[in-house]
Every structure is written in structure tokens, then in C-alpha cells.
Amino acid sequence: MSIIFADYQPLNFITVTEENALQLLPLVKITQGILWLPNSLKNIDIFDDNLVKYYDRALGEHLVNIWHESKAIIFTLAMGAVVRLITPLLTDKNTDPAIIVIDRSLNYVISLTGGHQGNADKLTELLANELEAKPIITSASSSLNLPSIDTFGHIFGWQKGEGNWTEVSINIARNKPILIQQNSGLKWWQNRLPSHQSFIFDTPESSLVKTTPENNENSLKIEIKDIKGMVYIGVEKTPKVDIPCISWHPRLLWVGIGCERDTSPSLIESAVTDVLNKYNLEQKAIASLATIDLKNDEIGILALAKKWNLPLQIFTSEELNSVSVPNPSSIVENEVGTPSVAEASALKAGLLPNLSENQLKSPYLVVPKQIIRSLGKKGAVTVAIARSNLEYNPNQGKLYLIGTGPGNIEYLTSTAKTALKEADIIIGYSLYIDLIKSLLRPEQIIESSPITQERQRAQRAIELAKWGLKVAVISSGDCGIYGMAGLVLELLANQNWDTKQPPLQVFSGITAMQSVAAKIGSPLMHDFCAISLSDLLTPWDVIEKRLIAAASADFITAIYNPRSNTRTQQIVKTQEIFLQYRNPNTPVAIARSVTRDDENIVITTLEMMLTHSIDMLTTVIIGNSTTKRYHDLLITPRGYLS
Ligand code: SAH
């Protein structure tokens, strides 16, 4: 079962004709959706009953029943009918399901409502890809090739803040200058902005924005008259400025709470709220609450976590004892066995996010211990707030290990393409990323690295997936053939991965050997093998043994990694070995950059093969004793005609 569509469930399809029902079923199956049909179609023969359910009332009434429980509803109906059906049900773009319409001939997939918040635009692209149909997306950011301003932070777990979202979005769509002030949170999203966009990035050195002497993030003065909007990204409250401003809040704040037994819940809530206000910190930037295990049943703390929808982390007194804090208290130590609850638990909680580049910097206190009491309310509360260097991301990450094929995207399988489009971040060697770049959405982060850094790349992919990103790791050809899949899986196995967290799926690709073979006829019609000549990770004597075995057993042999700048003799030795077992006239294909713009294929013989250029972008196929050359093709007989 594919994991690609896991985030879009429950996914409901609706159609009313037998023909469309049958056409949609494969898509329903791939996406793990349900196809709803009117009772009148009960007699049609459906190959898989689990995919279909029937409704017996008017479609409008049925829609009411499934509306709230659907992440997405996909109609194959006239668009006018869909608009009439959904209009009475639309309430709020933050909670409405994504509504998508597929035309009756399945040529177009149209994102109708819930484009951004409901993820309809993205789902539309994925469905269109599966159907080989054209996606129709009309949101402004999509046509400007910009990440959509009202959703782009979700992948990092950021929360949307206050502000005039409509006005800022309109001004972005009009290409007006927009000031971006990002004070915290990952900046990766900035790397893929197109060159012709109108964002102005405010930096501390910039003269565009003046801050008050206290250097308060919230007291901005915009000086340039033309600026028509502002996007603030940080942990403070949305700035009050004269232009429309919106905000995103990376979840970097960890709130430690201690309290007397049975402190009034309203006191706990008002204490945390007051502390946030006093320090101008935004509630939506909170990653979690934290406290000591003695308080794991403290009603006011539990109630606050529930009301604000925050995780609550609980630490033992021994765990908290190990944290050094600025304001330890011997009274607290006598009572609970550790000198600090609020400060220590905030700092301890903030340690949790964990990416190697952020590991070195520890969380630090932005609000030292505050003690709050209130006349007439029972109890007392201590609150401290720590800030981490990496934002907390509650999203479910996953790993897609994708073989992108030999080069040209025509050779990429359609399911691999869907996975690539679904990912938040694409990690791979720069050459391979360039080959698939045209497929990517503007929100997708690209992390390319030099070819030698496979291990770092794999480890990074795992960390990011554990943190909460959907990570696509790409290899050329097949990712499980001299590619990244094995390395990622080996590393996960070393970390005692339970095969489920993070979820992982491998997407096969057309390996170099197959794409070369297809270009030159049918050289692999009999038993064959692949041997890589790279002795960076495999000792040469092992490779040599395999070459001798393949040559002597008359395997058609595909040679990968035949020659690099530093490894020049391996291919010479290979020819020598094969000449001991095979006729010098044995046909050989030397194929470079197959399916890419600079594709070059030479058909030659074993004897002459070294007179042609061979490099790291080349695969060499050596025929067996029966392989024949026919014009520029190689044919290995299977035996039917003999
Ligand atoms: N995972 C890849 C192989 C990576 S090893 C796959 O399954 O194809 C790298 C080697 O693959 C190169 O040295 C070359 O021998 C071969 N190769 C990759 N792409 C190729 C292409 N488009 N044309 C010819 N050979 C290719």
C-alpha cells in the first residue's frame, strides 16, 4: 500500500455514471479513497467491492453526511452541479474539505475550493499526475510560481498568526513590494523564490525598518512608502505597523510550569498568558508545555495543554536535576527533590528537536522564572520560557526513496513522479536534481549535495523525516541499484528503526542497464549481470573475482562506474579478463548519458572498446558468446529460433 496519499484521508470520490465509476476505480484504489455511487448503480460489476459505497438519498443530502469527515471530496460531475451542491456547505477555508472536480473524460483535474488550506491545489497536482490529466489551479501564487503565503509555513510546523491575510495576499498577487521580516525559523523556503518576485528581505543591516532602542521585534517603522504589505516570521506577536501585515510563528518556545497543588486552572492560564504578554511573545509560537512528574495530574496544567492544543512534557526530578538553571530554589528542592521546575523543564523540553546542524546550540531561557499569584485565587504558579534553535514540528515525516530513471523525465515512473511532487524536500546529487527540477512545486525545498557525500545525505534525510518533513531522496536510475536506498535502509536498521516510524517507501526506477539495453535492441535477452568497477567501497580483488565469474559463465555483463578521473585502469583490466573467455569480436555497447541531451551510444567490439571514450556517465554492455550486432543494434538470442 502506497504511503503517498496517507495525509489526504478520508478521501471521498463521487460520480453518478457507470462509465465514470469504472474509469475512476483505479484512481480510487491508488489513493485509498472511497467511491460513492447512487444506489441506482448497485448493479454494475465492480472488481473490488471495498472501494465502493452507495448512497440512497439525494446527492445534496448525502454530501451533508460526508462533508465534515472528509479531507477531500472529488467529483466527476458537471462543475456547475458541483458548485450548487457545495455552496450551502462552505463555511471556512480553514476547515472545509478540499473540493476537486474531474471532468467526465478525465482530461482535467480542477482545484475548486480549499486550494491552499485544504491542500486542494497539491492534491489536484497529484491526481492529475496519476491520471495523466492536466491540473487546473487558479490560485495566484501558483501562477506566479511563488510558495503560497498562507500555507508555506505548515511544513515546518509553523502556525499562522493574526493579520490582514486577504490584503497581503492580494498585494503579493499584484506583485507589489512586500517586506519579509524573518526573525526566527528555518529560512530554507527563501532559497527557491523566483528571481522576478517582489519580496524585500529585511535584514538587521537594512535601512528599511527602524527598530526602537529596546530592539523590540514588535516596534517597526516602515520607511518606504511603496511597500504594500509585510510578512513577519518570528515568535513575537504580529507587529502593529501601518501597512497590512501577517505573521507566521515558528514553534520555538517551551513553557515550563510549576505550581502549588490544586492551583486554580484559570490562574494557570492567566499566568502563562500574562507572561507571554509581558514579554511580547506569541502563544502560537509555543512548542509545548513542560513540568515535573509530580504534576502529571495537576488539573490546571492538563486543562491548559488541552485548551491550547499543546503537548505536555513531563520530567522526573532526576532529569530536571541535571539541568543547570539561573534561579534555583532550595525551598523547591526540599519539596520536590530538584531546585527548579519551571526553568529546568522548559530548558529540558527545548532539547527535544534534534537535527545535527542544530545540536550544538542548547536552548536558552527567554523568560526566567516568574512567580504569579492572584488575590482570591487558589495557589501559585511559576512560569519560565525557553527558546530552542530548531522549531518543533508536529507533522508526520516520511521517506520516499526514489529512482528517477536514466535522465529524461519521460522515463520516470508515474508513481515516482507523484511521490516527488508530494514531498516537502528533495535531497540528492545536484546533477540528478537538475534533471527533475521542472516537476517541482515552488514550495518544495531542494537540498543538493556533491556526489561524494552519500552518507551525510542519507543521515540528513532520516533526521529530517524524523523531525517532520516528507523527504524524497533521489538516485538516478533505480535507487536500489548502486543508489541511495540501501544506504538509507542500512542506517535506519542501525538505529533500530521499527519499519514504521518514519514511514518509508521505495520507488523503483529504470536502471542505466535497462535504458541502455532498450536503446540498442535486446542485448539482455539471456542471463545477465551488472558489475560496478568502483573500488572505493568494494576491494578490487572482489570485483575482479566477479568479473572472472561473469566472463567465464558467459553472462551478458553491464559495467557500471567504468572509469573516473582517478580510476582509469579498472576498465582495462576488465577488457583483459573478458578477452580470456570471449571472442575479440563480441559486440560491446558504450552508452553515455542515455536519454539525456548529450546521449551518445557507440557499438563496437570487445577488442576495440578501449579506443572509445568511457567515463563516469557511461555504461558498457558486453554481449555473451551468442550476441550479434545487427546494424546499430545488439540482439542476444533467447533460443526460440535455434
Ligand atoms: N542507480 C543508478 C546507478 C548509479 S551508479 C542506476 O540504477 O542506473 C552510476 C553509474 O550508472 C554511472 O557511472 C554509469 O555507469 C551508470 N549510469 C547512470 N545513468 C546513466 C545514463 N543515463 N547513461 C549511461 N549510464 C548511466
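Quantities reported herein were computed from a predicted structural model and do not represent experimental measurements. Counting starts at 1 for both ligands and their atoms, in listed order.
- Applying the ring pair (Phe, Tyr, Trp, His ring centres under 6.0 Å) criterion to Tyr8, with sequence neighbours excluded, gives no partner residue.
- Ring centroids of Tyr560 and Tyr482 are separated by less than 6.0 Å, placing the two rings close together.
- For the ring pair (Phe, Tyr, Trp, His ring centres under 6.0 Å) criterion with Phe152, the lone passing option out of Trp188, Trp248, Phe199 is Trp248.
- Neither side chain, Tyr429 nor Gln453, offers a donor N or O lying under 3.5 Å from an acceptor on the other.
- Protein residues lining ligand 1, listed by chain and number: Pro406, Ser476, Gly477, Asp478, Ile481, Tyr482, Thr511, Ala512, Tyr560, Asn561, Pro562, Ala591, Ser593, Val594, Arg596, Met616, Leu617, Thr618, Thr619 [non-hydrogen atoms, distance under 4.0 Å].
- Looking at Asn12 and Ser70, their side chains do bring a donor and an acceptor atom within 3.5 Å of each other.
- Side chains of Glu130 and Thr418: a donor-acceptor N/O pair is present below 3.5 angstrom, by distance only.
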